[in-house]
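The block underneath contains the structure these notes are about, expressed in structure tokens.
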Amino acid sequence: MKKALILAHDYPPNQTVGSRRPHSWFMNFPKYGIHCTVLTLSHGCTIEEENVHRVNEFKNRRDKLLDKYGPEKYIKIRKSLSLFYMIFQYLSFFFDS
């Protein structure tokens with residue numbers, strides 16, 4: 001039996017268009033002899049399924065500012081943090097997303 005790893009940003013129970021395709025693969029690949037494992041973000045989901053692994057999303061300071069205060073506040077600070085991350089991602093793995 002062949003094995004496949006599906007990496008999906010969105011996966012059910014999220015009701016997005018992007019979650020439908022990986023879920024369809026997960027449901028239909030076994031018909032063709034392919035064993036699937038899904039790796040996806042948790043998005044606060046607590047549903048546990050066999051062969052579906054949910055991981056927490058790492059957010060940097062820029063993303064935390066955006067989530068907490070919205071897109072209208074601290075624009076210059078977020079832009080400067082983006083520039084900082086873009087420059088230093090090549091110097092250290094800590095800043096690489």
Side-chain angles (χ1 to χ4, degrees):
M1 178 176 273
K2 295 180 182 179
K3 295 181 181 181
L5 175 64
I6 300 173
L7 302 174
H9 187 272
D10 292 330
Y11 193 79
N14 291 349
Q15 296 298 320
T16 62
V17 174
S19 70
R20 292 181 184 177
R21 182 173 290 149
H23 183 65
S24 169
W25 291 339
F26 181 74
M27 299 305 289
N28 291 315
F29 277 3
K31 296 175 187 175
Y32 301 102
I34 301 172
H35 176 74
C36 293
T37 302
V38 177
L39 184 62
T40 184
L41 295 177
S42 67
H43 295 297
C45 178
T46 58
I47 297 173
E48 292 188 23
E49 300 176 52
E50 186 177 343
N51 297 328
V52 177
H53 303 282
R54 299 180 188 277
V55 295
N56 292 327
E57 183 178 7
F58 172 76
K59 292 187 177 183
N60 57 26
R61 293 193 185 268
R62 179 199 62 213
D63 296 337
K64 288 177 185 178
L65 278 173
L66 181 64
D67 288 346
K68 187 171 184 178
Y69 298 108
E72 300 299 323
K73 289 189 175 184
Y74 302 113
I75 295 171
K76 289 184 181 183
I77 293 173
R78 287 188 285 117
K79 285 185 179 184
S80 62
L81 285 172
S82 294
L83 178 65
F84 178 80
Y85 290 133
M86 287 171 62
I87 292 171
F88 283 96
Q89 72 180 350
Y90 299 107
L91 301 175
S92 172
F93 287 116
F94 180 75
F95 297 106
D96 189 13
S97 59

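Partners of His53 under the ring pair (Phe, Tyr, Trp, His ring centres under 6.0 Å) rule, at least two apart in sequence or in another chain, do not exist in this structure. Lys59 meets the side chain to side chain donor-acceptor pair (under 3.5 Å) test with Asp67; sequence neighbours excluded.
In this structure, OG on Ser82 lies 7.5 Å from CG on Asn60, to the nearest 0.5 angstrom. Rounding to the nearest 0.5 Å gives a distance of 7.0 Å between OH of Tyr85 and CZ of Arg61. Note: Leu66 CG to Leu81 CG = 11.5 Å, rounded to the nearest 0.5 Å. For the atom pair CG (Leu5) and OG1 (Thr37), the distance works out to 6.5 Å, reported to the nearest 0.5 Å.
Placement of Phe88 and Tyr90 in two distinct hydrophobic clusters is found when ILVMFWY residues are connected by side-chain heavy-atom separations under 4.5 Å, directly or transitively. Hydrophobic cluster membership differs between Ile6 and Tyr32, with clusters built from Ile, Leu, Val, Met, Phe, Trp and Tyr side chains linked at under 4.5 angstrom.
Smallest separation of non-hydrogen atoms from Arg78 and Glu72: NH2-N, 4.4 Å. Nearest heavy atom pair, residue Phe26 against residue Glu50, reads CZ-O, 3.7 Å. Residues Ile34 and Ala4 share a closest heavy-atom pair of CG2-CB, 3.7 Å. The minimum heavy-atom distance between Lys31 and Met27, with the atom names listed, is CE-O, 4.4 Å. Nearest approach of Pro22 to Ser19, heavy atoms of both residues: CD-O, 3.7 Å.
Classification of the Phe29-Trp25 ring pair by plane angle, with boundaries at 30° and 60°, yields parallel.
Salt-bridge formation is detected for the pair Arg54/Glu49: a Lys NZ or Arg NE/NH1/NH2 atom is positioned less than 4.0 Å from an Asp or Glu carboxylate oxygen.
In this structure, the side chains of Ile77 and Leu65 come closer than 4.5 Å at one or more pairs of heavy atoms.
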Contacts table for residues 7-14: side-chain donor-acceptor under 3.5 angstrom, sequence neighbours left out:
residue: Asp10; atom: OD2; partner: Thr16; partner atom: OG1; Å: 3.4
residue: Tyr11; atom: OH; partner: His23; partner atom: ND1; Å: 3.3

